[in-house]
Engineer: 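Below are the structure tokens for one structure; questions will follow.
Any value given below was found using the heavy atoms of this structure, including those in side chains, with hydrogens, waters and symmetry copies removed. Labels below follow one simple rule: chain letters A, B, ... track the order of the sequence lines, proteins then strands, and each chain is numbered from 1.
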There are 2 protein chains.
Amino acid sequence: MMLDSETKAVELPEDHGTELRLWLRLLTCTTLIEGEVRSRLRERFDVTLPRFDLMAQLDKVPDGMTLSDLSKRMMVSNGNVTGLVERLVESGHLDRRTSETDRRVQFIRLTKLGRAEFRKMAAEHETWIADVFADLSRKDISELMRLLAKTKASAQRSAKARTP
Amino acid sequence: MMLDSETKAVELPEDHGTELRLWLRLLTCTTLIEGEVRSRLRERFDVTLPRFDLMAQLDKVPDGMTLSDLSKRMMVSNGNVTGLVERLVESGHLDRRTSETDRRVQFIRLTKLGRAEFRKMAAEHETWIADVFADLSRKDISELMRLLAKTKASAQRSAKARTP
DNA sequence: CCAAATTGCTTGAAGCTTAAAGAGATCCCG
DNA sequence: CGGGATCTCTTTAAGCTTCAAGCAATTTGG
């Protein structure tokens, strides 16, 4: 009759404590590392993490990208990027020019200064991250990569299911 | 003579691309899930994630805790907690009373309303998280738990080494 | 071709967050 | 005791972040 199992699913909440603990642990790790990176960026280079992240996106491409691309890649809102870019143009790290073919679009790229400064920061940043994960073996790391890829796919599936 | 290896360590930067990719993947997973939880909390309960987190900390203890405890547990700054608590007291979810023995200290706890609302939200929240991780097997989950515990320890060691 | 929908970006309000400075209370130790 | 160190919390300024509304340019479909 299937009634029993369906009733149960509705009335008795299942135990999902394990997943919850996993999520909290994931969050703790990220918060911890993020805070560490934030502190070091501030004290070594007097730069904020969002600005570093934005420059990291731009460093990958020589010809720049649009604000929308940035917003998608950084997984933050459009308005957020507008403000960040504004401040980085102001400080001489970024360069913006309007597209010739579509006057809505702006291409943003690193200036010479911006790229030079970013490269210096990135080199050090990489060593910090290496140190953060230094107690993990090669096998640990590749296993973690695999499981996080699976997690990402699962989370995307879950998010998509809600907003079709 | 050891000179070769030491020289190399200083002049030729080692490749830590793997750790960097791992960190970015970790960050992506967290951002993705966090955004999803944030959206759902907003649309279902019109509450922000920081407020939910704060209430979650308080739900664990019946007699409340101090602002400092909250700040440590939530891994955010003191001033941040001051503001969050202020708004939640304002909305009737929290209760604050000054310690009798130490007039610097304030004990914060959930009001009846606050606890009731939190419990409702938490129950649903748990099912969202379960769904986020639904594509992972039991073994995946326990393995991920283990590796994240190791990551957390490693990150803490790394952070401590910098600030003794 | 034109109106409607879509796209790219900006703006504004509200709230979150941090770092740093500071006020008040308590603790420690000489 | 008493005075400096420490602890708890608040305040402030600056910046980050989101959501929602809005503007302008482009695309789409009659």
Engineer: With a non-hydrogen cut-off below 4.0 angstrom, is A:D102 in contact with a base, only sugar-phosphate, or nothing?
Structural biologist: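 The residue A:D102 makes sugar-phosphate contact but no base contact.
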
Engineer: Hey, does the side chain of A:N80 come within less than 4.0 Å of D:dT18's phosphate (OP1/OP2), counting only N and O?
Structural biologist: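 So the side-chain polar atoms of A:N80 do come within 4.0 Å of the phosphate oxygens OP1 or OP2 of D:dT18, strictly under.
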
Engineer: So what does A:T98 touch, heavy atoms closer than 4.0 Å: a base, only the sugar-phosphate, or nothing?
Structural biologist: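 No contact.
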
Engineer: Check the phosphate of C:dG15 against B:R42, side-chain N and O only, distance under 4.0 Å to OP1 or OP2. Yes or no?
Structural biologist: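 It does not, given that no N or O in the side chain of B:R42 lies less than 4.0 Å from OP1 or OP2 of C:dG15.
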
Engineer: Take the protein atom CG of B:L84 and the nucleotide atom C1' of C:dT18, then report the distance between them rounded to whole Å.
Structural biologist: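 Taking CG of B:L84 and C1' of C:dT18, I get 13 Å after rounding.
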
Engineer: By nearest heavy atom, map A:T101 and A:V81 onto DNA chain D; which one lands nearer the 5' end?
Structural biologist: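 First, find each residue's nearest nucleotide; the 5'-ward one identifies A:V81.
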
Engineer: Testing the 3.5 Å rule here: is there a donor-acceptor pair between the side chains of B:R42 and B:S39?
Structural biologist: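 No pair is found: no donor N or O on one side chain lies under 3.5 Å from an acceptor on the other.
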
Engineer: Is any side-chain nitrogen or oxygen of A:S68 closer than 4.0 Å to OP1 or OP2 of C:dT7?
Structural biologist: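 Checking A:S68 against C:dT7: no side-chain N or O falls below 4.0 Å of OP1 or OP2.
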
Engineer: Would you kindly give the CZ-to-P distance between B:R96 and D:dT8, to the nearest whole Å?
Structural biologist: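 That distance rounds to 16 Å.
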
Engineer: Side-chain N or O of A:R103 less than 4.0 angstrom from OP1 or OP2 on C:dG8?
Structural biologist: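 No, outside the criterion.
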
Engineer: Let me know the distance between CG of A:L41 and P of C:dA19, rounded to the nearest Å.
Structural biologist: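 Distance check: A:L41 CG to C:dA19 P gives 12 Å.
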
Engineer: Below 4.5 Å, heavy atoms only, C-beta onward: do B:F45 and B:H125 meet side chain to side chain?
Structural biologist: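 No, every pair of side-chain atoms sits at 4.5 Å or beyond.
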
Engineer: Roughly how many Å is it from CD in A:Q106 to P in C:dT7, rounded to a whole number?
Structural biologist: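 In whole Å, C:dT7 P lies 19 Å from A:Q106 CD.
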
Engineer: Is there a donor and acceptor pair closer than 3.5 Å between the side chain of A:R104 and the base of D:dT26?
Structural biologist: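 Counting by modelled atom types and ignoring angles, no donor-acceptor contact under 3.5 Å is found here.
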
Engineer: Starting at CG of B:D46 and ending at P of D:dT18, how long is that distance when rounded to a whole Å?
Structural biologist: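 After rounding, the gap between these two atoms is 17 Å.
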
Engineer: Is B:T30 reaching over with its side chain to a backbone N or O of A:L27, donor-acceptor style, under 3.5 angstrom?
Structural biologist: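 No, B:T30 side chain to A:L27 backbone: no donor-acceptor pair under 3.5 Å.
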
Engineer: Nearest to the side chain of A:R87, which nucleotide is it out of C:dC9, C:dG15, D:dG15?
Structural biologist: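 Out of C:dC9, C:dG15, D:dG15, the nucleotide with an atom closest to A:R87's side chain is D:dG15.
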
Engineer: Which listed nucleotide (D:dC9, C:dT10, D:dT18) is nearest to the side chain of A:N78?
Structural biologist: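 Comparing D:dC9, C:dT10, D:dT18 against the side chain of A:N78, the answer is C:dT10.
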
Engineer: If you compare every side-chain N and O of B:T48 against the phosphate oxygens of D:dT18 (OP1, OP2), does one of them come in below 4.0 Å?
Structural biologist: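 B:T48 to D:dT18 OP1/OP2: no side-chain N or O under 4.0 Å.
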
Engineer: Just the rounded figure in Å: distance from C1' of C:dT18 to CE of B:M74.
Structural biologist: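 Going from CE in B:M74 over to C1' in C:dT18 covers 14 Å.
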
Engineer: Rounded to whole angstroms, how far apart are CG on A:L67 and C1' on D:dA25?
Structural biologist: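 Rounding to the nearest Å, CG of A:L67 and C1' of D:dA25 are 15 Å apart.
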
Engineer: Is B:E36 salt-bridged to B:R40, cutoff N-O under 4.0 Å?
Structural biologist: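 Yes, B:E36 and B:R40 are salt-bridged.
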
Engineer: Base, sugar-phosphate, or nothing: which does A:T82 touch, judged by heavy atoms less than 4.0 Å apart?
Structural biologist: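 Answer is base: heavy atoms of A:T82 come under 4.0 Å of a base.
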
Engineer: Is the backbone of B:L67 close enough, under 3.5 Å, to the side chain of B:S71 for a donor and an acceptor to pair up by distance?
Structural biologist: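 Side chain of B:S71 to backbone of B:L67: no pair is present.
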
Engineer: Under 4.0 Å from OP1 or OP2 of D:dC16: is there any side-chain N or O of A:R51 that close?
Structural biologist: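 The answer is yes; a side-chain N or O of A:R51 sits under 4.0 Å from OP1 or OP2.
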
Engineer: State whether a side-chain donor-acceptor pair under 3.5 Å links B:R25 with B:T28.
Structural biologist: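 No, because no side-chain N or O of B:R25 sits under 3.5 Å from a partner of the opposite role on B:T28.
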
Engineer: Rounded to whole angstrom units, what separation is found between the CZ atom of B:R38 and the P atom of C:dG15?
Structural biologist: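 Checked: the CZ to P distance equals 15 Å.
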
